Amino acid sequence: MARQLPRWSELRELLQLRRPTLSAVERRLEAALSIGDLRAVAVRTTPRAVFDYVDGAADAELTARRNTEAFAAVELVPEYLSPVDHPDLSTRVFGRQISMPLIFAPTGYTRMMHHEGEAAVARVAARHGLPYTLSTVGTSTVEDVAAAAPGSEHWFQLYLTRDERLNAELLDRALAAGFTTVVLTVDTPVAARHLKDIRNGLTIPPSLTLRTLLGMARYPSWVLNKLTTAPITFASLSSMSGGTIDAVRVPDVVFEPTLNYRHLEWLRAHWPHQILVKGILGPRNARRAIEAGADGVVVSNHGGRQLDRTPATLSVLPAIRDELGPDATVILDSGVRHGQDIIAAVALGADAVMIGRAYLYGLMAGGERGVERAVTILREEYVRSLQLLGLGSTTAIARHHVRVP
């Protein structure tokens with residue numbers, strides 16, 4: 001075969017060099033192609049005790065593994081010969097359209113993971129047209145979140161405390177700040193045991209070990225940001241001894257071991273908008289929650305962070321949807337790491353999913369930019385998977401598009 005020297009024009013087409021990224025954070029985020037990649041970045045950029053708090057779960061962490069294993073076991077059944085060039089990702093939750101079936105779950109201690117905290121997450125949610133849920137034990141107030149992302153869809157996760165006056169104050173403030181939905185968490189009558197946090201001293205109040213403090217010192221940027229920004233507090237609980245981490249014994253004050261359906265009826269009488277009950281794992285429990293005044297449920301095992309050995313949420317979702325019928329709002333939480341997980345949940349009966357760890361990995365990896373990267377990854381995976389399934393919209397997803405063992 002005759003040979004010839006290559007022409008520069010031909011080489012130029014092959015050598016498409018990317019312009020170098022100067023920002024170390026941007027380089028790390030650009031290289032992250034999955035939520036697992038963001039998790040790997042978070043390990044390298046966050047003190048181990050803080051990462052363990054996000055990544056860990058209760059006791060032997062069996063439930064946390066079951067959640068992800070249940071999604072991994074799902075088989076997707078494509079349906080081709082349909083237009084899929086521009087899938088419509090949008091769906092409706094409580095009659096309001098959101099850009100895709102994705103909701104930001106409530107998380108505590110958020111400014112500990114990154115100093116930008118809940119405000120950064122709320123801004124990303126607003127840009128993508130998605131609801132953001134602020135936790136009762138969050139490190140920002142409802143007013144902070146409303147100011148960070150004005151006019152957006154904000155929900156408030158409520159732990160009903162033993163103080164009825166405080167409960168009413170929390171609801172009044174959320175209502176005044178324009179929050180549209182209250183998410184009552186019911187799977188935390190008492191605090192679970194997180195072995196990693198106990199060993200790290202990351203308890204409430206903190207009891208840090210020398211090893212934990214030395215580990216934090218290895219991350220000077222994280223330490224500097226913590227020392228030069230406002231102290232971390234349970235912001236919504238500021239009326240309780242200033243709301244500081246040391247002063248507020250959350251397990252003793254916030255978690256209510258006598259929580260029952262009468263509390264839900266009280267909430268229904270005091271909140272004029274939508275109510276979701278989070279922590280439901282059985283059809284009977286779901287039905288009774290609706291009968292007591294809830295507008296829907298969040299099928300959740302708290303990401304495996306409460307009672308260990310509970311079933312994966314995906315495995316109980318179909319029975320709960322069948323029990324409640326098509327009209328009640330059903331959201332799935334716990335274990336979502338990929339756009340295909342969203343498809344599996346919607347196919348088996350969820351109106352949308354909640355993500356927690358998935359965006360917290362991004363937050364630890366790069367603050368607001370990291371959360372943005374997490375959403376972009378999930379969105380791209382979701383779009384591509386819809387196209388490969390031959391589905392032109394979220395509303396086209398049906399049970400026959402998945403098989404579960």
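Index from 1, following the sequence. In this text the structure is predicted, and so the values were computed from the model without any measurement. Side-chain atoms are counted along with the backbone in the values below, which use heavy atoms only and exclude waters and symmetry mates.
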request  = Would you please test Lys196 and Glu61 for side-chain contact (heavy atoms from CB on, under 4.5 Å) and show each step?
outcome  = CA-CA 10 Å; Lys196 291 175 181 175; Glu61 302 188 353; 3.4 Å; yes

task = Evaluate the criterion side chain to side chain donor-acceptor pair (under 3.5 Å) for residue pair Ser90 and Ser99; output intermediate values, then yes/no.
result = CA-CA 4 Å; Ser90 67; Ser99 66; over 6 Å; no

ask   = Where do Leu314 and Leu348 land on the side-chain contact (heavy atoms from CB on, under 4.5 Å) test, with the steps shown first?
value = CA-CA 8 Å; Leu314 193 69; Leu348 293 174; 3.8 Å; yes

message = side-chain contact (heavy atoms from CB on, under 4.5 Å) for Gln97 and Thr91? Distances and angles first, verdict last.
response = CA-CA 6 Å; Gln97 184 165 300; Thr91 191; over 6 Å; no

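Side chains of Asp187 and Asn301: a donor-acceptor N/O pair is absent below 3.5 angstrom, by distance only. For the residue pair Thr185 / Thr188, no side-chain donor-acceptor distance below 3.5 Å is found, with atom types taken as modelled. In this structure, a donor-acceptor pair under 3.5 Å is present between the side chains of Tyr361 and Asp55. A donor-acceptor pair shorter than 3.5 Å can be found between the side chains of Thr139 and Glu118. Checked by atom type, the side-chain pair Ser135/Thr107 shows no donor-acceptor distance below 3.5 Å. A donor-acceptor contact closer than 3.5 angstrom links the side chains of Ser385 and Gln340. In summary, the side chains of His114 and Glu368 do not present any donor paired with an acceptor at a separation below 3.5 Å, with no hydrogens or angles considered. Side-chain atoms of Thr161 and Glu256 form no donor-acceptor pair, as typed in the model, at a separation below 3.5 Å. Ser300 and Asp333 share a donor-acceptor pair across their side chains, judged by distance under 3.5 Å alone. Counted by atom type alone, Glu153 and Trp155 present one or more donor-acceptor pairs between their side chains at under 3.5 Å.
We find the CD-OG distance between Gln306 and Ser334 to be 11.0 Å, quoted to the nearest 0.5 Å. Asp52 CG to Asn200 CG: the interatomic distance, rounded to the nearest 0.5 Å, is 5.0 Å. For the atom pair OG1 of Thr110 and CE of Met364, the computed distance is 11.0 Å after rounding to the nearest 0.5 Å. A distance of 13.5 Å separates OH of Tyr159 from CG of Asn167, quoted to the nearest 0.5 Å. Here the straight-line distance linking atom CE of Met100 with atom CG of Asp88 works out to 11.5 Å at 0.5 Å rounding. In this structure, Ile35 CD1 and Glu381 CD are separated by 6.5 Å, a value rounded to the nearest 0.5 Å.
With sequence neighbours left out, Phe104 forms a ring pair (Phe, Tyr, Trp, His ring centres under 6.0 Å) with Tyr359. Applying the side chain to side chain donor-acceptor pair (under 3.5 Å) criterion to Arg28, with sequence neighbours excluded, gives no partner residue. Contacts of Asp59 classified as side chain to side chain donor-acceptor pair (under 3.5 Å), with partners at least two apart in sequence or in another chain: Arg193.
Of the possible polar contacts, one joining the Asp341 side chain to the Arg337 backbone as a donor-acceptor pair under 3.5 Å is found. Looking at Trp222, its side chain does come within 3.5 Å of a backbone N or O of Met112 through a donor-acceptor pair. Between the side chain of His401 and the backbone N or O of Ile397 there is no donor-acceptor pair closer than 3.5 Å. When atom types are taken as modelled, the side chain of Arg379 and the backbone of His128 share no donor-acceptor pair closer than 3.5 angstrom. Side-chain atoms of Gln157 come within 3.5 Å of backbone N or O of Thr136 as a donor-acceptor pair. Remark: the backbone N or O of Ala312 is paired with a side-chain donor or acceptor of Ser315 at under 3.5 angstrom.
Residues Val299 and Ile331 form no side-chain contact, since every pair of their non-hydrogen atoms from C-beta on lies 4.5 Å or further apart. Considering only heavy atoms from C-beta on, Leu213 stays 4.5 Å or farther from Thr209 through its side chain. The side-chain heavy atoms of Val297 and Leu276, taken from C-beta on, include no pair separated by under 4.5 Å. Between Arg96 and Arg92, every side-chain heavy-atom pair lies at or beyond the 4.5 Å cut-off. In this structure, Thr212 and Met216 have side chains that are in contact, with non-hydrogen atoms separated by less than 4.5 Å. Two residues are said to be in side-chain contact when any heavy atoms from C-beta on lie closer than 4.5 Å; Arg403 and Val77 meet this criterion. Put simply, the side chain of Val41 reaches to within 4.5 Å of the side chain of Arg44, judged on heavy atoms. Glu79 has its side chain out of reach of Leu389: every pair of non-hydrogen atoms, C-beta onward, lies at least 4.5 Å apart.
Residue pairs meeting the salt bridge (Lys or Arg N to Asp or Glu O under 4.0 Å) criterion with at least one member in residues 347-358, sequence neighbours excluded, are Arg321-Asp351. The salt bridge (Lys or Arg N to Asp or Glu O under 4.0 Å) contacts involving residues 293-319 comprise Arg268-Asp295, where partners must be two or more places apart or lie in separate chains.
What you find for Thr181 and Trp271 is that their closest heavy atoms are N-CZ2, 4.1 Å. Closest heavy-atom contact between Leu170 and Ser236: CD2-O, 3.5 Å. Listed here is the closest heavy atom pair of Ile103 and Ala352: CD1-CB, 3.9 Å. Residues Tyr80 and Leu388 come closest through the heavy atom pair CE2-O, 2.7 Å. When all heavy atoms of Tyr382 and Pro101 are compared, the pair lying nearest together is OH-CG, 3.5 Å. Looking at every heavy atom in both residues, His273 comes nearest to Phe179 through CD2-O, 3.9 Å.
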Distance-only check: which donor-acceptor pairs under 3.5 Å involve side-chain atoms of residues 280-289, not counting sequence neighbours?
residue, atom, partner, partner atom, Å
Asn285, ND2, Tyr261, OH, 2.7
Arg287, NE, Glu323, OE2, 3.3
Arg287, NH2, Glu323, O, 2.6

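A salt bridge does not link Arg111 with Glu116: none of the charged nitrogens is closer than 4.0 Å to a carboxylate oxygen. Under 4.0 Å is where a charged nitrogen must lie from a carboxylate oxygen, and between Asp144 and Arg173 no such pair does. In this structure, Arg123 does not pair ionically with Glu372, as no charged nitrogen and carboxylate oxygen lie closer than 4.0 Å.
The aromatic rings of Tyr132 and His154 sit perpendicular, their planes meeting at an angle over 60°, well past the 30° parallel limit. Using bins of under 30°, 30° to 60° and over 60° for the plane-to-plane angle, the ring pair Phe234/Tyr109 lands in the parallel bin.
The neighbour count for His400 NE2, taken as heavy atoms of other residues, nucleotides or ligands under 6.0 Å away, is above 12.
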